[in-house]
Enquirer: 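The structure's right below; bear with me while I get my questions together.
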Amino acid sequence: MIQRKQTIYLLLALAALIACLCLPIGRIEPRAMGVDSVWYNMGLFRDGAFTARPMLFVDLVVVGVLAFVDIFLYRKRKIQAQLCSVNIVLTLAWYVYYAITVFSVFQTNGTFHFGFAACLPFVAIILFVMARRGIIADEKLVKSADRIR
């Protein structure tokens, strides 16, 4: 299981998602005087108060759980490839919600600065694509070995 390259890709994608959950994904600098607001996946931390916006958090937790389950489905390659596709779509949905929130809500309150953690789901998407390609290559290899027998 662990010697398959797809498993390594899935573990690295899971690590990137966990790191994104822990790090700030943006910062809002107010136009006038005030303290910067820090945006995490769980919500917005401003002036010692926390405003919950858990949609991004829920999305990444679901993708992380599916990636973790995907690691242990190494005997069911078709389902594993489909779960990789679902993870890619859900991570893209994270970016869509992130962009909508940035351009509609936060731009009116001040200047928005992207955080490093905002690029980690993109790294996870790349790793999911690489894992999916490896899973499909394994499936083709198994089918060709079955034809030879």
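We're numbering straight along the sequence, starting at 1.
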Enquirer: Between the main-chain N or O of Ala118 and the side-chain N or O of Tyr95, is there a donor-acceptor pair closer than 3.5 Å?
Expert: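 Yes, the answer is positive, given that a donor and an acceptor are paired below the 3.5 Å cut-off.
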Enquirer: Rounded to the nearest 0.5 Å, how far apart are CG of Leu83 and CG of Leu90?
Expert: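 The CG atom of Leu90 is 10.0 Å from CG of Leu83, to the nearest 0.5 Å.
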Enquirer: For residues 57-72, pull every pair meeting salt bridge (Lys or Arg N to Asp or Glu O under 4.0 Å), keeping only residues two or more places apart or in separate chains.
Expert: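 Of all non-adjacent pairs touching residues 57-72, none passes salt bridge (Lys or Arg N to Asp or Glu O under 4.0 Å).
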Enquirer: Could you tell me the separation between the OG1 atom of Thr91 and the CZ atom of Phe128, rounded to the nearest 0.5 Å?
Expert: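 Spacing of OG1 (Thr91) from CZ (Phe128) equals 5.0 Å.
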Enquirer: Hey, what do you get for OH (Tyr98) to CG (Asn41), rounding to the nearest 0.5 Å?
Expert: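 Reported value, rounded in 0.5 Å steps: 9.0 Å.
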Enquirer: Go through the structure and list residues passing ring pair (Phe, Tyr, Trp, His ring centres under 6.0 Å) with Phe68, not counting sequence neighbours.
Expert: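 Phe68 satisfies ring pair (Phe, Tyr, Trp, His ring centres under 6.0 Å) with Phe72 once adjacent residues are dropped.
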Enquirer: Which pairs would a plain distance check flag for residues 10-20, meaning a side-chain donor or acceptor within less than 3.5 Å of a matching protein atom at least two apart in sequence or in another chain?
Expert:
none

Enquirer: Determine the sole option in Val89, Ile88, Val96 for which the side chain to side chain contact (heavy atoms under 4.5 Å, CB included) test with Leu92 is passed.
Expert: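 Only match with Leu92 under side chain to side chain contact (heavy atoms under 4.5 Å, CB included): Ile88.
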Enquirer: With clusters built from Ile, Leu, Val, Met, Phe, Trp and Tyr whose side-chain heavy atoms come within less than 4.5 Å, directly or transitively, what are the remaining members of the cluster of Leu23, listed by chain and number?
Expert: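 Besides Leu23, the hydrophobic cluster comprises Phe116, Leu120, listed by chain and residue number.
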Enquirer: Once rounded to the nearest 0.5 Å, what's the spacing between atom CD of Gln80 and atom CD1 of Ile136?
Expert: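 Atom-to-atom, Gln80:CD and Ile136:CD1 are 10.5 Å apart.
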Enquirer: Under the side chain to side chain contact (heavy atoms under 4.5 Å, CB included) test, which residues partner Val38, sequence neighbours left out?
Expert: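 Residues passing side chain to side chain contact (heavy atoms under 4.5 Å, CB included) with Val38: Pro24, Tyr40.
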Enquirer: Sequence neighbours excluded, which residues qualify as side-chain hydrogen bond (donor to acceptor under 3.5 Å, both in side chains) partners of Glu139?
Expert: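 Checked Glu139 against side-chain hydrogen bond (donor to acceptor under 3.5 Å, both in side chains); matches are Arg77.
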Enquirer: Before giving the answer on side-chain contact (heavy atoms from CB on, under 4.5 Å), spell out for Ile28 and Trp39 the whole-Å C-alpha distance, their side-chain angles and the decisive distance to 0.1 Å.
Expert: CA-CA 8 Å; Ile28 303 169; Trp39 186 25; 5.6 Å; no
Enquirer: Can you tell me which residue pairs pass the salt bridge (Lys or Arg N to Asp or Glu O under 4.0 Å) test with a partner in residues 19-30, sequence neighbours excluded?
Expert: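 Passing the test, one end in residues 19-30: Arg27-Asp36.
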Enquirer: Is there a path of hydrophobic side-chain contacts, each under 4.5 Å between heavy atoms of I, L, V, M, F, W or Y residues, that connects Ile135 with Val86?
Expert: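 No.
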Enquirer: Could you tell me which residues satisfy side chain to side chain contact (heavy atoms under 4.5 Å, CB included) with Ala52, sequence neighbours excluded, listed by chain and number?
Expert: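 With sequence neighbours excluded, Ala52 shows a side chain to side chain contact (heavy atoms under 4.5 Å, CB included) to Phe50, Pro54, given in chain and number order.
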Enquirer: Can you confirm whether Phe122 is buried at CZ, in the sense that more than 12 heavy atoms of other residues, nucleotides or ligands lie under 6.0 Å from that atom?
Expert: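 Count not over threshold, so no.
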Enquirer: Scan for salt bridge (Lys or Arg N to Asp or Glu O under 4.0 Å) pairs involving residues 111-138, sequence neighbours excluded, and state none if there are none.
Expert: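 Residue pairs passing salt bridge (Lys or Arg N to Asp or Glu O under 4.0 Å), neighbours aside: Arg4-Asp138.
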Enquirer: With rounding to the nearest 0.5 angstrom, report the SG to CG distance, Cys84 to Leu127.
Expert: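 Separation between the atoms: 10.5 Å.
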Enquirer: Would you say the side-chain atoms of Tyr9 pair up with the backbone N or O of Gly134, donor to acceptor, closer than 3.5 Å?
Expert: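 Flag not set: sc Tyr9 to bb Gly134 has no pair under 3.5 Å.
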Enquirer: For residues Gln6 and Ala131, report the shortest heavy-atom separation together with the two atoms involved.
Expert: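 Minimum heavy-atom separation between Gln6 and Ala131: CG-O, 3.6 Å.
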